[in-house]
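Any value given below was found using the heavy atoms of this structure, including those in side chains, with hydrogens, waters and symmetry copies removed. Since the structure is predicted, the reported quantities are computational estimates derived from the model, not experimental observations.
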Amino acid sequence: MDMLTRRPARRSVPRSSDHEPRKIGLNALSKPFDLSFDPIARAEEHWRQRWGHVLSMAAITSVMRAQQILLTEVDAVVRPYGLTFARYEALVPLTFSRVGELTMSKISERLMVHPASVTNTVDRLVSSGLVDKRPNPKDGRGTLASITVKGREVVEAATRDLMLMNFGLGAYDAEECEEIVALLRPLRMAADDFTPP
């Protein structure tokens, strides 16, 4: 496995107390590679020598590596609550719902993931006692997912911890986070994520 795809080792994170959430630093959750060179810059150099100068290769590799880093960080924070970040994300729209309940198709739409992935994720949340499922009375073929009291408590605690570590983006200030959102917006629009007003 090469340096660009090797995943960093994970360490378990103790559960925060109910009164004092644990603040987690960027490097506290995974063993740093501590290389004497930037492997993405090195790959870009080799790429340029073999196929020519293509900045998009370094850009996509940077985005993919950032995704690995962030997922490792946020998964470690929510793991003590029996969650993965994907399961946490599925709980959040249920808390935003007026009645704490959404159809599976609506959850899929809000999370922008395939319905089969949502079904698997929600089934795991049901097994953990964080979500209940029932047939949708308005649609005989549909299913409603509703957040439980335990699910609400877990979302509140996990959200507090994620906000304390800035969702893994502590290396950036608020303005830089806005720039990241703005830079990725055209890519999302090109993929038909949404139609701008």
Side-chain angles (χ1 to χ4, degrees), residues 5 7 10 12-13 15-16 18 21 29 59-61 63-169 177-178 180-197:
T5 58
R7 295 183 66 99
R10 295 181 178 198
S12 62
V13 179
R15 183 186 297 266
S16 307
D18 289 337
L29 304 174
I60 190 172
T61 308
V63 168
M64 295 299 189
R65 176 62 185 135
Q67 190 265 351
Q68 289 177 335
I69 293 167
L70 292 171
L71 193 56
T72 298
E73 297 287 321
V74 296
D75 269 350
V77 170
V78 299
R79 188 181 303 120
Y81 300 104
L83 298 173
T84 61
F85 192 63
R87 290 179 209 160
Y88 168 81
E89 284 185 304
L91 284 172
V92 169
L94 293 172
T95 67
F96 294 157
S97 166
R98 188 171 43 84
V99 293
E101 189 171 67
L102 292 170
T103 63
M104 300 292 277
S105 60
K106 189 61 76 176
I107 296 171
S108 173
E109 177 186 290
R110 302 266 170 92
L111 297 179
M112 297 176 290
V113 296
H114 192 276
S117 296
V118 168
T119 298
N120 181 272
T121 299
V122 169
D123 285 346
R124 291 178 181 271
L125 291 169
V126 169
S127 297
S128 301
L130 305 178
V131 167
D132 288 326
K133 278 172 58 174
R134 68 183 176 94
N136 185 351
K138 297 178 182 176
D139 173 9
R141 295 175 301 162
T143 302
L144 288 168
S146 57
I147 191 164
T148 64
V149 172
K150 179 182 175 185
R152 287 186 186 279
E153 291 170 355
V154 165
V155 167
E156 290 299 323
T159 299
R160 180 192 61 219
D161 287 355
L162 287 167
M163 289 176 68
L164 277 173
M165 52 86 75
N166 292 314
F167 288 87
L169 291 168
C177 285
E178 286 181 4
I180 292 169
V181 173
L183 281 170
L184 295 176
R185 187 178 173 93
L187 177 69
R188 296 176 50 232
M189 287 170 58
D192 293 326
D193 267 6
F194 64 98
T195 303

A.B. asks: Determine whether a donor-acceptor pair (N or O, by modelled atom type, separation under 3.5 Å) exists between the side chain of Ser108 and the backbone of Val113.
C.D. replies: yes
A.B. asks: Show which side-chain atoms of residues 150-158 pair as donor or acceptor with protein atoms under 3.5 Å away, not counting sequence neighbours.
C.D. replies:
residue	atom	partner	partner atom	Å
Lys150	NZ	Ser128	O	3.1

A.B. asks: Does anything in residues 84-97 form a salt bridge (Lys or Arg N to Asp or Glu O under 4.0 Å)? List the pairs, not counting sequence neighbours.
C.D. replies: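 Listed by first then second residue: nothing to list.
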A.B. asks: Sequence neighbours left out, what passes side chain to side chain contact (heavy atoms under 4.5 Å, CB included) with Ser105? Give chain and number order.
C.D. replies: Thr103
A.B. asks: Tell me which pairs pass salt bridge (Lys or Arg N to Asp or Glu O under 4.0 Å) where either residue lies in residues 93-102, with sequence neighbours left out.
C.D. replies: Glu101-Arg134
A.B. asks: If you round to the nearest 0.5 Å, how far is CG of Leu91 from CD1 of Ile147?
C.D. replies: 5.0 Å
A.B. asks: How would you list all residue pairs meeting ring pair (Phe, Tyr, Trp, His ring centres under 6.0 Å) that involve residues 88-111, not counting sequence neighbours?
C.D. replies: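 Of all non-adjacent pairs touching residues 88-111, those that pass ring pair (Phe, Tyr, Trp, His ring centres under 6.0 Å) are Phe85-Tyr88.
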A.B. asks: Is there a side-chain contact between Ile69 and Arg65 (heavy atoms, below 4.5 Å)?
C.D. replies: yes
A.B. asks: Where is the tightest heavy-atom contact between Leu144 and Pro137, given as atom of each residue plus distance?
C.D. replies: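 Looking at all heavy atoms of both residues, the closest pair is CD1-CD, 3.8 Å.
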A.B. asks: If you define the side chain from C-beta out and look only at heavy atoms, does anything of Leu94 sit under 4.5 Å from Ile107?
C.D. replies: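 In contact.
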A.B. asks: To check you understand the geometry: which heavy-atom pair defines the closest contact between Ala145 and Val131, and what is its length?
C.D. replies: CB-CG1, 3.9 Å
A.B. asks: Could you tell me whether the side chain of Thr148 and the main chain of Gly129 form a donor-acceptor pair under 3.5 Å?
C.D. replies: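 Present.
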A.B. asks: For Leu184, look at atom CG and say whether over 12 heavy atoms of other residues, nucleotides or ligands are found less than 6.0 Å away.
C.D. replies: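 Yes.
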A.B. asks: Got a second to check how far Leu162's CG is from Tyr81's OH, nearest 0.5 Å?
C.D. replies: 8.5 Å
A.B. asks: What side-chain donor-acceptor pairs closer than 3.5 Å can you find for residues 115-126, not counting sequence neighbours?
C.D. replies:
residue	atom	partner	partner atom	Å
Thr119	OG1	Pro115	O	3.1
Asn120	OD1	Arg124	NE	3.3
Thr121	OG1	Ser117	O	2.9
Asp123	OD1	Lys133	NZ	2.6

A.B. asks: Going by atom type alone, with no hydrogens or angles, which donor-acceptor pairs under 3.5 Å involve a side-chain atom of residues 189-196 and a protein atom two or more places apart or on another chain?
C.D. replies:
residue	atom	partner	partner atom	Å
Asp193	OD2	Arg188	NE	3.3

A.B. asks: Quick check for you: to the nearest 0.5 Å, what is the distance between Thr72 atom OG1 and Gln67 atom CD?
C.D. replies: 8.5 Å
